[in-house]
Amino acid sequence: MPTSVDALIGPLASPDTPELRAVAVNTLFGAFARRGTSASLGNRTDSALLAGLREWADVILVGAGTVHAEDYGPAATPMAVVSRSLEVDTSLGIFEGARALILAPELSLADASLLPRTRTLTAAGAELHATGGGEPEEIVATLRSLGFNRILCEGGPSLYAAMLGAGLVDVLHLTVDPSVGPEDGPFGLELDADCTRRFALENATVDEDSMLFCRYRRAPDGR
């Protein structure tokens with residue numbers, strides 16, 4: 001029997017309820033990528049889950065490094081790319097999607113040396129939004145101020161770590177690809193030494209490929 005994507009996504013709050021979900025795929029020992037990308041990880045069910053979460057979301061939140069490494073294409077859901085350097089390739093498909101937002105600290109947007117990049121991004125149709133000092137709470141607050149209640153974080157590892165470390169992830173969708181292989185990496189997240197976040201398992205489903213789909217919700221105390 002095919003795995004139900006709706007069951008993997010689980011119960012949904014009303015559209016006006018703020019919620020941040022993160023989605024990731026790992027190998028057996030926690031690698032986020034193989035040979036530099038996650039393209040070889042997961043399967044059709046994992047791809048369908050990602051598509052379903054993108055349909056649920058008001059906005060996709062992703063780091064500039066991941067956008068480049070994974071060669072992101074256009075999406076029907078607005079995409080918010082986090083970048084301090086404003087170095088985002090305007091030939092990427094994200095600029096052909098519904099809406100492209102670049103989230104950057106105020107200092108980056110005020111830096112005269114980065115003005116050519118801001119002009120290039122604006123000419124490509126991107127919206128540039130300041131996120132204060134660029135802290136995770138400020139990034140999320142900026143998206144909320146723009147009317148995005150449902151946020152889907154697609155990483156990469158540094159953005160996952162920032163959002164998890166700040167206690168901003170409400171629901172985590174983690175697919176475990178039952179494999180190990182050459183050039184697996186990176187492993188783990190670089191969180192502060194005193195930062196531990198706990199989640200409660202809501203659902204675990206195994207499909208015909210032995211792919212494990214876990215849905216975790218942040219524990220009440222978040223620790």
Side-chain angles (χ1 to χ4, degrees), residues 2-26 32-33 37-83 88-89 92-103 124-127 129 136 139-140 142-144 146-160 162-164 168-177 199 202-203 205 207 211-218:
T3 303
S4 166
V5 171
D6 288 342
L8 297 180
I9 292 175
L12 301 177
S14 63
D16 59 350
T17 299
E19 186 172 71
L20 191 153
R21 295 191 178 210
V23 59
V25 58
N26 284 179
F32 285 96
T37 79
S38 63
S40 65
L41 305 181
N43 63 359
R44 287 181 295 179
T45 303
D46 184 61
S47 296
L49 172 60
L50 179 62
L53 287 169
R54 284 186 166 195
E55 185 176 346
W56 162 84
D58 295 327
V59 65
I60 298 163
L61 177 63
V62 62
T66 296
V67 165
H68 287 100
E70 303 286 352
D71 193 21
Y72 266 47
T77 303
M79 190 166 297
V81 179
V82 178
S83 176
V88 182
D89 185 354
L92 288 167
I94 61 170
F95 295 96
E96 301 171 10
R99 188 177 173 187
L101 301 89
I102 306 297
L103 307 182
E127 302 174 25
H129 295 279
I139 291 171
V140 171
T142 298
L143 292 176
R144 301 281 192 230
L146 294 170
F148 299 121
N149 288 318
R150 294 174 162 181
I151 301 173
L152 177 65
C153 179
E154 296 188 5
S158 62
L159 187 58
Y160 288 138
M163 293 296 147
L164 288 165
L168 296 172
V169 177
D170 299 302
V171 178
L172 171 63
H173 295 270
L174 179 64
T175 299
V176 179
D177 184 306
F199 286 76
E202 278 193 344
N203 183 71
T205 300
D207 72 1
M211 205 75 61
L212 175 61
F213 298 90
C214 301
R215 185 178 71 249
Y216 295 92
R217 189 169 295 273
R218 185 175 55 186

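Starting from 1, each residue takes its place in the sequence as its number.
For residues 48-57, the pairs satisfying salt bridge (charged side-chain N to carboxylate O under 4.0 Å, His left out) are R54-E154, with sequence neighbours left out.
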- Task: Give the C-alpha distance, both sets of side-chain angles, the deciding distance and a yes or no for side-chain contact (heavy atoms from CB on, under 4.5 Å) between V88 and F95.
- Result: CA-CA 10 Å; V88 182; F95 295 96; 3.9 Å; yes

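Distance alone, capped at 3.5 Å, places no donor-acceptor pair between the R215 side chain and the T205 backbone. Side chain of E70 to backbone of S38: a donor-acceptor contact under 3.5 angstrom is found.
Note: L159 CG to C153 SG = 4.0 Å, rounded to the nearest 0.5 Å. Atom-to-atom distance recorded for D207:CG and R44:CZ is 10.0 Å, nearest 0.5 angstrom. In this structure, the separation between CZ on F213 and CG on N203 is 11.0 Å, given to the nearest 0.5 Å. Between the CG atom of L143 and the CG atom of L101 there is a distance of 7.5 Å, given to the nearest 0.5 Å. A distance of 9.5 Å separates CG in L168 from CD1 in I139, rounded to the nearest 0.5 Å. Going from atom CG of L92 over to atom CE of M79 covers 10.0 Å, rounded to the nearest 0.5 Å.
In terms of heavy atoms, L164 sits closest to F199 at CD2-CZ, 3.7 Å. The two residues A76 and A98 have their closest heavy-atom pair at O-CB, 3.1 Å. In terms of heavy-atom proximity, A24 sits nearest to F32 at CB-CE2, 4.2 Å. When all heavy atoms of A48 and V5 are compared, the pair lying nearest together is CB-CG2, 3.6 Å. Of all the heavy atoms in A126 and I102, the pair that sits closest is CB-CG1, 3.9 Å.
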Enumerate donor-acceptor pairs with a distance under 3.5 Å from any side-chain N or O in residues 56-68 to protein atoms, sequence neighbours excluded.
unit_1	atom_1	unit_2	atom_2	d
D58	OD2	N149	N	3.0
D58	OD2	R150	N	2.8
T66	OG1	G156	N	2.7
H68	ND1	A64	O	2.8
H68	NE2	D89	N	2.9

Please tabulate, for side-chain N and O atoms in residues 10-22, each donor-acceptor pair with protein atoms closer than 3.5 Å (sequence neighbours left out).
unit_1	atom_1	unit_2	atom_2	d
S14	OG	D16	OD1	2.5
S14	OG	T17	OG1	2.8
E19	OE1	R21	NE	2.9
E19	OE1	R21	NH2	3.4
E19	OE2	R217	NH1	3.4
R21	NH1	I9	O	2.8
R21	NH1	H173	NE2	3.0
R21	NH2	P11	O	3.1

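A side chain to side chain contact (heavy atoms under 4.5 Å, CB included) with M163 holds for exactly one of I151, V140, L172; it is V140. Of the options L152, V171, T175, a side chain to side chain contact (heavy atoms under 4.5 Å, CB included) to V23 is made by L152 and by none of the others.
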